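These numbers were taken from a predicted model, which means no experiment stands behind them. Indexing begins at 1, ligand by ligand and atom by atom, following the structure's order.
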Amino acid sequence: IPVDPFDLVVIGGTGDLARRKILPALYRRFCAGQIPDDAQIIGAARSEMDDAGYRDFVGAALDEFAGAAGCDDRARFLSIIGYVTLDARGDGGWAALAGRLEPGRVQAFYFSVGPSLFMTIAERLQAHGMAGPDTRIVVEKPFGRDLASARALNADLAKYFDEGQIYRIDHYLGKETVQNLMAIRFGNMLFEPLWNSQYVDHIQITVAETVGVEGRGEYYERAGAMRDMVQNHLMQLLCLIAMEPPSKFDPDAVRDEKLKVIRALDPVTPDDVVRGQYLADGDRPGFREHVGNAESTTESFIALKVRISNWRWAGTPIYLRTGKRLRARTSEIDVVFKDTPHSIFGPEAGRHRNILTIRLQPNEGIDLGVTIKEPGPGGMRLVDVPLDMTFAQALGPDAKDVPDAYERLIMDVIRGNQTLFMRGDEVEAAWAWTDPIIAGWEEAGKDPIPYDTGSAGPEEALALMHRDGRRWREIR
Ligand code: BG6
């Protein structure tokens with residue numbers, strides 16, 4: 001269903017995010033017939049360029065990043081693209097931008113720039129009459145680097161915009177399989193009755209990457225895996241897996257429940273944290289070379305044991321880990337159920353547990369480990385087999401049209417649906433939990449432990465679970 005005509009301004013329209021994600025996402029939605037021909041997409045950045053120059057720029061970005069997706073009429077898409085040269089810190093270009101917008105329709109401004117510019121951009125929008133009640137602004141992570149800076153950003157934006165106008169992106173929420181977590185939990189009778197500490201021994205959340213920090217060394221050296229991945233993406237996964245059922249699938253109902261999870265998180269002591277740094281591998285530089293600091297103490301890997309102090313989860317730990325240059329690119333959540341209270345088959349049948357694995361990427365799907373009888377005459381021996389399903393197989397051709405995270409999220413901005421965006425209080429609560437963990441390892445003077453490319457992170461991360469009599473699922 002096409003949306004109503006809108007104006008979308010991408011501030012930072014010549015930047016990396018615009019090229020790689022935003023413009024290809026808009027193109028794919030256009031090809032899917034969702035963006036009408038009289039919508040306007042305006043790139044705005046410092047470079048001197050006219051509309052035609054920017055259309056060439058966008059065409060090149062699509063060649064590079066839009067993949068196989070597309071439609072025959074690329075020219076039609078390019079015809080809705082325009083460009084304004086804009087000085088984000090000064091006054092140049094703002095009046096021209098205002099002149100390009102069509103009154104009476106949704107006007108969205110995507111702040112595809114560093115957070116240090118958010119405030120000046122908000123001020124300029126206001127000064128040039130572009131901060132009306134129908135304006136929407138989209139901001140990317142990192143939303144601050146600690147509680148104080150996140151609060152300051154929220155307060156700054158609140159001077160010009162209501163919470164209902166601010167769309168804070170966490171692209172993990174736009175991933176189809178992440179939304180599926182809610183469908184699996186709240187669309188089935190099967191799981192929810194068992195979804196608590198009485199039946200669940202523990203939960204593991206793994207987001208493993210094979211890439212290093214490559215060209216993002218400068219940013220990453222100041223962030224590290226905790227700020228880059230845990231405070232946002234893993235936190236969102238944790239919330240969706242642990243939250244109470246919202247009364248309806250509505251932005252505030254969902255976000256209220258997520259917030260309660262974050263607020264129920266226990267502080268994490270340095271003993272429950274393992275940080276690592278990848279080593280050089282043949283010709284591939286190590287982390288310290290990538291970030292240009294031979295003494296860097298920033299982590300490219302982190303594993304944590306997290307506890308949620310509430311009725312549902314007290315006593316069921318959640319183990320989180322994420323890292324770069326690991327064995328495989330894989331994101332999954334494993335819900336490990338408890339042993340049966342009594343084995344009627346005796347000790348020789350062994351210990352068997354049901355594990356529900358939700359694969360977020362790649363090979364999206366779910367796998368439920370079920371215990372059955374080992375075939376053969378040798379008595380009642382048990383074996384675990386997978387009840388495995390990939391969504392692509394199960395859904396057939398319908399699975400092909402799955403929009404990527406940015407496609408989904410940008411269209412949600414235009415439609416005015418904030419369910420998959422982080423609310424200001426949620427971001428602040430996540431930082432309030434994160435800050436003392438970082439302070440804890442800084443005070444304890446615990447440096448990251450080196451690990452090999454292609455491993456599962458430092459050995460100590462395995463020990464984090466072994467000492468509890470548990471083990472990580474393999475990274476495959
Ligand atoms: C980004 C992080 O938010 O997410 C990156 O800044 C990380 O460091 C990326 O690589 C992972 O996203 P995805 O979609 O590839 O899992």
> For ligand 1, does Arg329 get within less than 4.0 Å through its side chain, its backbone, both, or neither, judged by non-hydrogen atoms?
Replying inline: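 Within the 4.0 Å criterion, Arg329 contacts ligand 1 through side-chain atoms alone.
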Identity and distance of the protein heavy atom lying nearest [atom]:
atom	result
atom 10 (O) of ligand 1	Glu209 OE2, 2.5 Å
atom 16 (O) of ligand 1	Tyr172 OH, 2.5 Å
atom 12 (O) of ligand 1	His171 NE2, 3.2 Å
atom 14 (O) of ligand 1	Lys175 NZ, 2.6 Å
atom 8 (O) of ligand 1	Asp228 OD2, 2.6 Å

> In terms of the angle between their ring planes, are Phe118 and Phe143 parallel, tilted or perpendicular, with boundaries placed at 30° and 60°?
Replying inline: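 Phe118 and Phe143: tilted rings.
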>> Which label fits Tyr319 and Trp472: parallel for a plane angle under 30°, tilted from 30 to 60°, or perpendicular past 60°?
In response: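 Judged by the thresholds at 30° and 60°, the geometry between Tyr319 and Trp472 is perpendicular.
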>> Is it true that Asn180 and Arg185 share a donor-acceptor pair across their side chains at a distance under 3.5 Å?
In response: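 Note: Arg185 and Asn180 side chains miss the donor-acceptor criterion.
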> Does a side chain donor of either Gln418 or Glu163 reach within less than 3.5 Å of an acceptor in the other side chain?
Replying inline: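 Not at all, the side chains of Gln418 and Glu163 share no donor-acceptor pair under 3.5 Å.
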>> Assess the residue pair Tyr27 and Phe30 against the criterion (ring-ring contact (aromatic ring centres under 6.0 Å, His included)); give the C-alpha distance rounded to whole Å, side-chain angles, the decisive distance to 0.1 Å, and a yes or no.
In response: CA-CA 5 Å; Tyr27 178 53; Phe30 181 84; 7.3 Å; no
>> Before you tell me yes or no, could you show the steps for Tyr278 and Phe301 under ring-ring contact (aromatic ring centres under 6.0 Å, His included), namely the whole-Å CA-CA distance, both residues' side-chain angles and the distance that decides it to 0.1 Å?
In response: CA-CA 8 Å; Tyr278 60 80; Phe301 172 97; over 10 Å; no
> Looking only at distance, does Tyr220 have an N or O less than 3.5 Å from an N or O of ligand 1?
Replying inline: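 By distance alone, the answer is no.
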>> For ligand 1, which is the ligand I care about here, please tell me if Tyr219 has any N or O atom under 3.5 Å from one of the ligand's N or O atoms.
In response: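 Checking ligand 1 against Tyr219, no N or O pair falls under 3.5 Å apart.
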